[in-house]
Amino acid sequence: MGGVRSISRGFKMSGQMNWAAIDADPRFQALHAKKTHFLWGLMIFSVVYYFLLPIGAAYFQELFKVQVWGPVNVGILFALSEFLVAWTIAGVYAKRANREFDTMAQEIANDAHNIR
Amino acid sequence: MNLKLLSGLAALAMTGLAQAGEGAVADEYKWLTFVVFGAIIAVTMYITVWAAKRVHTTSEFYAAGRSISGVQNGWAIAGDYLSAASFLGIAGLISLYGYDGFMYSVGWLVAYITVLLVIAEPCRNIGKYTLGDVLAFRNDPKKTKTIAAISTITVSIFYLTAQMVGGGVLIKTLIGIDYEVSVIGVGILMLTYVVFGGMVATTWVQIVKAALLVTASILLVIFTWAPYGFSLPGFLTAVVGDADVQKQVAKLLGDAASTMTPEELGQRFLEPGLFLKSPIDQISLGMALVLGTAGMPHILMRFFTVPTAQDARKSVIWAMAIIGGFYVLTLFLGLGSAMNVGPANIIAVDKGGNMAGPLLAQYLGGGADSLLGNFFLAFVAAVAFATIVAVVAGLVLASASAMAHDIYVGVIKGDHATPKEQVTAARVSSVIVGIAAIVIGIMAKGQNVAHLVAMAFAVAASSNLPAVFLTLYWKKCNTNGVVWGMFIGAFSAIALVMISPNMTYPKAVIAEANKVLQGAPAKEAVEAKASEGFVCELFAVCQKAEPAKKATEAKPGAIEKLAKLNEKLPSLTDPKEIEAAKKEITTAEKAKAKAEGDIKKLEGQTTSMLGLEKPFFLLKNPGLISIPLGFLVVILLSLFTRDKRSEEMWDELYVRQNTGIHAEGSVAH
């Protein structure tokens, strides 16, 4: 993390960048493609999973009322699972971004002034 | 920073406290509340003095020199977000309606997935201090900064007014301080933090508040849950078997409850449908939450306070852990309160259930007559107070930055202002917004502010979010699209709320009040009506679906009830019966006074603010319509107009938001 910080500051001094060339660079294109797919996938999954809760509570009440563990019913477990899923999505994204996207971005940033 | 001034302010706040009249805290324990309040005010004042020495430049004033760490920012976001409405309101909903209250809390957490995945890091990489900075990166700076500032100030004022009014009422209920005094007190404290300590003080006040809130909740949950060996089924079995809970469900279900056993009634508390009745409205609210949180200017602003995009990411992860963990705790607080305090007693203090948490604290400490019980209550009350101050401070800072940085420096001065001028503008704007907040808070006393929170989130989701999202991710997006999309998105959201059931419709209120006073005649059963189409569920133009209604017997009004009770009272001999009759008289008198008050307040009025006798838009939340509309306008105008700068800057924006090259750096201290 500290590395990115010092690098972005270092570039402040450097001259004009050729942004179009960086955008067209295969490394940036690879980062863009990977990020786009991954983020859209996660976003769509999380939105669908979230809206299943109000839809289930309104239209599948019989299912939500099924008791599975003493008084604990499907509805309560499903609502609790919303929390777990939200945290898991956050964790999955953070892991992937820390491991992969940051390194790819760093590489492009390091080399940015050479891309013409 | 002038210490004399500070002590003067503290003294002023304490005099306000000393004037306290009635409240949930008994008189002989009021001193305890003052001690706890005093301690919290002292800590925040110390923070402000410390912060004031560190705030000299605009970057320090608006963004704490970008030196807040990811973990710290995560706590500050949680502190900013867990307003009194969410920390007292959700526990209250759970205590009165069980499952539905818990379900309601989920959307507030899921909202942060949008913030994490699409907003936090790109905004950190290309933004400076405000929403306007992000939009002006590739769009016409003057035009977009103007509309962004207007939208920021609008959203902040809506949200802020709801906080001020809700907070004033809350403090009055808790410890009996006059409404005006507490609004002025909150205003002055918050202004002190913002004007002298800028973002540094605001951030730390939010962190302290979040830590207090989480600590208090964890302790309360431990005390609530421990008797059941920290077993979920064990705890819920007790909830299901509780007579107060069963009584509450019976009351909510009405006639349908007559055929249910006590166990079935208790179990029903853990099933959906006691509070949230319209799934379309819930989906509409869900959309506003999931997209609106990411467009809230005071939340967005928090991401400019960290050094890098990685820290922005880390701060959302921490915020999600804290906020989500907190909502799971509220499940236990709410149900524990329903079981230990009882829904009837909670409603007796506050109709919306806001007192569920504080009353549970009092119960767990040993009840209304014990020292510990009152200490717990005082502590929760103080946290509530700190919450309002911290949230309002964040909102004032966001609107002040829009006013000073976007409008004054960006538009009026054309970005040519000396650093000193900029800081002065920021402080002056904070004072203007802060005073406006106090004045609006006092003017809005007793007003219906329920619609303001819905409105704030809906405007943020329909106006700010489409503009930011499409600017960041869509190549063809341009100035015209952004300006008109934001305008139409915000306008439609506000207009729809103004004609929605959130507003006050005098005819309906008066009819309801008359029913309370005079009683309701017997009604015949009504058959269910089928919906004539989806549009009919949204607008009052055709028949919407309505469930069948059973025949009801005539109900006596409060006036008749009172007369009967007063007649019966002298003939009673059993002290228990006398006690019960007296209680009933008090309840009936209260209902009568409220109904009469309502009628008097609305005397001569027949229509709502916009001249409607009944709602034209049938949902409480406009997101379902205004959010797609906001997106659509940005997209259509961008497609049909051209803007050279928006096109030329795309490559730079897209590379920079993804790589962090040239991102605004942090200032070393």
Side-chain angles (χ1 to χ4, degrees), chain A residues 1-2 4-5 7-9 11-12 17-24 28 31-32 35-36 39 42-43 46-47 49-51 53-59 61 64-65 67 69-73 75-76 79-80 82-83 85-87 89-91 93-94 97-98 101-102 104-106 108-109 112, chain B residues 99-100 102-103 105-107 109-110 112-114 116-118 121 231-234 236-237 239-240 266-267 270-273 276 278-279 282-283 285-286 290 307-311 313-314 316-317 320-321 324-325 327-328 331 649-656 658-663 665-666:
Chain A
M1 287 192 193
V4 176
R5 202 174 304 178
I7 277 155
S8 8
R9 224 182 285 160
F11 272 120
K12 283 223 146 143
M17 297 271 179
N18 186 343
W19 301 108
I22 302 174
D23 192 5
F28 186 79
L31 174 66
H32 160 73
K35 250 178 126 169
T36 308
L39 289 181
L42 276 187
M43 194 66 216
S46 71
V47 165
Y49 197 79
Y50 166 58
F51 283 107
L53 182 68
I55 291 171
Y59 301 108
Q61 291 202 353
F64 269 40
K65 287 177 181 178
Q67 285 170 238
W69 186 25
V72 182
N73 57 30
I76 290 177
L80 285 172
E82 291 276 350
F83 287 85
V85 167
W87 286 325
I89 289 172
Y93 168 70
N98 288 339
F101 302 151
D102 283 356
M104 291 172 85
Q106 174 85 66
I108 297 160
Chain B
Y99 185 83
D100 278 2
F102 184 48
M103 195 172 94
S105 74
V106 172
L109 172 70
V110 173
Y112 275 88
I113 293 183
T114 321
L116 175 68
L117 298 183
V118 296
E121 296 174 48
S231 146
L232 182 62
L236 293 181
T237 305
V239 172
V240 168
Q267 185 67 33
L270 306 179
E271 292 164 359
L276 304 165
S278 161
Q282 274 182 70
I283 289 170
L285 170 70
V290 168
T308 65
Q310 285 78 6
D311 293 295
R313 178 189 308 149
K314 202 172 168 187
V316 190
I317 305 275
M320 284 181 75
Y327 287 144
V328 174
L331 175 66
M649 291 298 287
W650 165 254
D651 282 331
E652 180 175 348
L653 173 129
Y654 199 67
V655 169
R656 281 176 58 173
N658 275 297
T659 58
I661 300 172
H662 287 193
S666 66

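Residue numbers begin at 1 in each chain, while the letters A, B, ... track the order of the sequences.
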Examine whether an atom of B:Ile317 lies under 4.5 Å from a heavy atom of chain A, and if so say whether it belongs to the side chain, the backbone or both; otherwise answer neither. side chain

Which of the residues B:Gly273, B:Gly324, B:Pro233 is involved in the greatest number of heavy-atom pairs with chain A at under 4.5 angstrom? B:Pro233

Hey, which of A:Gly56, A:Pro71, A:Gly70, A:Ala79 has the most heavy atom pairs under 4.5 Å with chain B? A:Pro71

Test log, rule side chain to side chain contact (heavy atoms under 4.5 Å, CB included), inputs B:Ile113 and B:Leu116: CA-CA 5 Å; B:Ile113 293 183; B:Leu116 175 68; 5.6 Å; no

Ranking A:Ala97, A:Gly91, A:Ala21, A:Ala94 by heavy-atom pairs under 4.5 Å to chain B gives rank one to A:Ala97

Got a second to check how far A:Asp23's CG is from B:Arg656's CZ, nearest 0.5 Å? 14.0 Å

Counting heavy-atom pairs closer than 4.5 Å to chain A, which one of B:Met103, B:Gln282, B:Glu652, B:Met320 comes out on top? B:Glu652

Cut-off 4.5 Å, heavy atoms of chain B, and the answer for A:Leu80 is both

Heaviest contributor of heavy-atom pairs below 4.5 Å to chain A, chosen from B:Val240, B:Asp100, B:Val110, is B:Val110

Applying side chain to side chain contact (heavy atoms under 4.5 Å, CB included), name anything that partners B:Pro279, two or more places apart in sequence or on another chain. A:Ala58, A:Tyr59

Under 4.5 Å heavy-atom distance to chain B, tell me which part of A:Ile76 shows up: side chain, backbone, both or neither. both

Pairs of heavy atoms under 4.5 Å with chain A: top-ranked of B:Val290, B:Leu331, B:Thr114, B:Ile283: B:Ile283

Below 4.5 Å from any heavy atom of chain B, which atoms of A:Phe83 appear? Answer side chain, backbone, both or neither. both

